[in-house]
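Because the structure is predicted, anything quoted here is derived from the model rather than measured. We use all heavy atoms of the structure for the numbers below, so side chains are in, but hydrogens, waters and symmetry mates are not.
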Amino acid sequence: MGSTSNNSAEGVGRRDLIKRSAALGLVAAPGMGLLSACASSGGGGQKKDKAGKKTAKNPLGVNDTAKMEFVLFDGGFGKEYAEDAVKIYQKDFPKVTVKFSATQKIQSTLQPRFNQGTPPDLIDNSGAEQMDMGVLVGKQQLADLTPLLDAPSYDDPAKKVRDTLRPGIVEMGQFDGNPVWILYYAYTVYGVWYSQKALDSLDAEYPKTWDEMLAVCEKAKKKGMAGWTYAGKYPYYLPFSLYPMIGKVGGREVLDAIDNLEPNAWKHPAVKACFEAYYELYQKGYILKGTPGLDHIQSQTAWAKGEALFIPNGSWVENESANVIPKDFNLAVSAPTGIDGSDKMPFGTIWASGGEPFIVPAKAANPEGGMEQLRIMLSEASSKNFTAKVKSLTAYNGGTTGITLTPGLKSGVAALQLAGSNVVNPRLQDWYVQLQKEKIGVAGLGEMMAGRLTPAEAVKKIQGFADETAKDTTVKHYKHQ
């Protein structure tokens, strides 16, 4: 999704998931299971380039004559930030040829190359056709990025790369044990996005309890505006606000149990309460008409035009919808509304985590080159360039000094400050892509929000999907450490 996920017409991010991978959107939901499951380790492979000599200026030992290939997901963040970082790589290694390309078809473009043992050196594995990260790790198809993390940072040789990263980034790249398989480059704030101007026009404040949410939606309805819309074709966007709400209501241990595929985790009272709350939006007619048939771009466009007040999304939405968001929109994001004062965690509890997952394949010809490109991207200058151009934070812990923050980015930073330590990070979208997108998202939440399943039926169905995955011996399972 990575997640997800950040994408244009066909992609979802995140980021990237959808995280992102985000996150964005299934091109054809039924087929993705076959695609994501086919990460095989077959093929004869390609010859590894000889590593170069390690020096102070070349701490990873990049071969300064070897070709480096970089494939980027062409989504909501665009490709200019990556092209700028490639220019730095080429300046540092002038004898090198860099092959750079961008595509929305990550899976169909690169899976055959993984199977043949001839993958590129660096991949932004995001969007609708994101390769299943859990499968790639389980089949040992990724290089451990620990050498990159332990290398001197690009700006300060006295600091390791890992010491320049935002909290949680290293841990997100780990699946079990110490190796780090993924570097999430973007730092995504997930939540409920809205126009502060529109909210002000209703003489309303952002709702903290569900009764207040319903009251705000009723005000909007009376003015001809729907309360909510979402990516109906890709309903795994709903968890961007629903999962942190579940954590807020029941505590982060509920989310951990769901991630761990524990029996009856989805039957927790907090899940039931939150499902029923969202279903109430459908029952009371607060969802924009036609939403189940909209993709992420269509739903965001309708929302930007003032047809709906709230939309669950990630911080890539500001860049992805820049061409349709009015100048006076005053974009804002908030942590999810809770149920009431009995919630386990305070208002402000939010989902924020790494997005835009970058990987170096185990069978890459020039893995040192792929890691060096990431080291450059994690410099202060490249981080600032990304933030200035795409209106999103990076994994680099800083990079905002001297930049005029856009409304959405400024709101995201404020939301993180309000959350403090109350930041949750569900891992389903990283660990079990097919379960999260096709089953929980499309077949569970999507059906419920379209009125085709009751909350109780959705809980039962989703618990069944989780149990199937837990019992599937062909799937590598992960747990919070």
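Here the side chain of Trp210 pairs a donor or acceptor atom with the backbone of Ala277 at under 3.5 angstrom. At least one donor-acceptor pair under 3.5 Å links the side chain of Thr103 to the backbone N or O of Lys105. In terms of modelled atom types and a separation under 3.5 Å, the side chain of Asn125 and the main chain of Met131 share a donor-acceptor contact. Under the 3.5 Å distance criterion, the side-chain polar atoms of Thr291 are left unmatched by any main-chain donor or acceptor of Ile287. No side-chain donor-acceptor contact under 3.5 Å links Asp74 to the backbone of Gln104. When atom types are taken as modelled, the side chain of Gln373 and the backbone of Ala85 share a donor-acceptor pair closer than 3.5 angstrom. Side chain of Thr387 to backbone of Ser383: a donor-acceptor contact under 3.5 angstrom is found. Lys389 contributes no side-chain N or O that, together with a main-chain N or O of Lys384, makes up a donor-acceptor pair within less than 3.5 Å. The backbone N or O of Ile376 sits less than 3.5 Å from a side-chain atom of Ser382, completing a donor-acceptor pair. For Gln196 (side chain) and Ala332 (main-chain N/O), no donor-acceptor pair under 3.5 Å exists by modelled atom type.
Evaluation of the salt bridge (charged side-chain N to carboxylate O under 4.0 Å, His left out) rule for Glu280 yields Lys284 as partners, not counting sequence neighbours. Applying the side-chain hydrogen bond (donor to acceptor under 3.5 Å, both in side chains) test to Tyr432 and every residue at least two apart in sequence or in another chain returns nothing. Partners of Lys223 by salt bridge (charged side-chain N to carboxylate O under 4.0 Å, His left out), not counting sequence neighbours: none found. Under the salt bridge (charged side-chain N to carboxylate O under 4.0 Å, His left out) criterion, Glu457 pairs with no residue at all, not counting sequence neighbours.
A heavy-atom distance below 4.5 Å is not found between the side chains of Val324 and Lys305. Contact check for Val71 versus Leu122: no side-chain heavy atoms found under the 4.5 Å cut-off. A heavy-atom distance below 4.5 Å is not found between the side chains of Gln130 and Ile106. Taking 4.5 Å as the limit, some side-chain heavy atom of Leu242 sits within range of a side-chain heavy atom of Leu445. Looking at Asp163 and Asn397, their side chains never come closer than 4.5 Å, going by heavy atoms from C-beta outward. With contacts defined as side-chain heavy-atom distances shorter than 4.5 Å, the pair Lys208/Thr337 does not qualify. Using a 4.5 Å cut-off on side-chain heavy atoms (C-beta onward), Trp351 and Phe240 make contact. Two residues are said to be in side-chain contact when any heavy atoms from C-beta on lie closer than 4.5 Å; Leu199 and Val216 meet this criterion.
The aromatic ring centres of Tyr478 and Phe175 sit less than 6.0 Å apart. Checked against the 6.0 Å centroid criterion, the rings of Trp316 and His296 do not qualify as a close aromatic pair. Checked against the 6.0 Å centroid criterion, the rings of Phe77 and Phe386 qualify as a close aromatic pair.
Pairs passing the ring pair (Phe, Tyr, Trp, His ring centres under 6.0 Å) check and including a residue from residues 390-409, sequence neighbours excluded, do not occur. Among residues at least two apart or in separate chains, side chain to side chain donor-acceptor pair (under 3.5 Å) pairs with a member in residues 238-248 are Ser241-Tyr278, Tyr243-Gln436, Lys248-Asp343.
Counted by atom type alone, Thr229 and Ser299 present zero donor-acceptor pairs between their side chains at under 3.5 Å. Side chain to side chain, Thr146 and Asp144 meet the donor-acceptor criterion of an N or O pair below 3.5 Å. Asp132 and Gln434 form no side-chain donor-acceptor contact under 3.5 Å, judged by distance and modelled atom types alone. Between Asp124 and Ser126, the side chains place no donor N or O within less than 3.5 Å of an acceptor N or O (distance only, hydrogens not considered).
Atoms CZ and OH, on Phe358 and Tyr185 in that order, are 7.5 Å from each other to the nearest 0.5 Å. Rounded to the nearest 0.5 Å, atoms CG (Leu309) and SG (Cys217) are 7.0 Å apart. Considering CD1 of Ile403 and CG of Leu409, their distance stands at 8.0 Å, rounded to 0.5 Å. With values rounded to the nearest 0.5 angstrom, Leu288 atom CG is found 12.5 Å from Leu281 atom CG. The structure places CG of Asn425 at 9.5 Å from CZ of Arg252, a figure rounded to the nearest 0.5 Å. The distance from the OG1 atom of Thr164 to the CD atom of Glu380 is 10.0 Å, given to the nearest 0.5 Å.
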Begin with the C-alpha distance, continue with both residues' side-chain angles, and end with the deciding distance and a verdict on side-chain contact (heavy atoms from CB on, under 4.5 Å) for Cys274 and Tyr279.
CA-CA 9 Å; Cys274 293; Tyr279 190 67; over 6 Å; no
What's the verdict on salt bridge (charged side-chain N to carboxylate O under 4.0 Å, His left out) for Arg375 and Glu372, showing C-alpha distance, side-chain angles and the deciding distance?
CA-CA 5 Å; Arg375 193 174 80 98; Glu372 177 64 16; 2.9 Å; yes
Evaluation steps, side-chain contact (heavy atoms from CB on, under 4.5 Å), between Asp340 and Asp211:
CA-CA 8 Å; Asp340 54 35; Asp211 283 343; over 6 Å; no
Determine, step by step, whether Glu129 and Ser108 satisfy the side-chain contact (heavy atoms from CB on, under 4.5 Å) criterion, reporting the C-alpha distance in whole Å, the side-chain angles of both residues, the deciding distance to 0.1 Å, and the verdict.
CA-CA 7 Å; Glu129 285 202 28; Ser108 49; 2.9 Å; yes
Just do the ring pair (Phe, Tyr, Trp, His ring centres under 6.0 Å) check on Tyr194 and Tyr206 with the steps written out, would you?
CA-CA 9 Å; Tyr194 59 97; Tyr206 183 85; 5.4 Å; yes
Any chance you could lay out the side-chain contact (heavy atoms from CB on, under 4.5 Å) test for Glu218 and Lys222, step after step, and finish with the verdict?
CA-CA 6 Å; Glu218 182 62 27; Lys222 285 178 179 175; 3.4 Å; yes
Are Trp303 and Phe329 close enough, and set up right, to give a ring pair (Phe, Tyr, Trp, His ring centres under 6.0 Å), and what steps lead you there?
CA-CA 11 Å; Trp303 160 78; Phe329 194 75; 5.2 Å; yes
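Contact check on Lys479 versus Asp259 returns no salt bridge, with no Lys/Arg side-chain nitrogen under 4.0 Å from an Asp/Glu carboxylate oxygen. The pair Lys197-Asp328 meets the salt-bridge criterion, since a charged nitrogen lies less than 4.0 angstrom from a carboxylate oxygen. The pair Glu276-Lys272 meets the salt-bridge criterion, with a side-chain N (NZ, NE, NH1 or NH2) lying under 4.0 Å from an Asp/Glu carboxylate O. A salt bridge does not link Glu318 to Lys391: none of the charged nitrogens lies less than 4.0 Å from a carboxylate oxygen. Taking the charged nitrogens against the carboxylate oxygens, Arg427 and Asp430 do have a contact shorter than 4.0 Å, which makes a salt bridge.
Environment of NZ in Lys87: sparse, with no more than 12 heavy atoms of neighbouring residues, nucleotides or ligands closer than 6.0 Å. Heavy-atom contacts from other residues, nucleotides or ligands closer than 6.0 Å to CG of Asn178 number 12 or fewer. Shown here is Lys410, whose NZ atom has no more than 12 heavy atoms of other residues, nucleotides or ligands within 6.0 Å.
When all heavy atoms of Leu183 and Leu165 are compared, the pair lying nearest together is CD2-CD1, 4.2 Å.
With Tyr187 as the aromatic partner, Arg166 meets the cation-pi criteria of under 6.0 angstrom to the ring centre and within 45 degrees of the ring axis.
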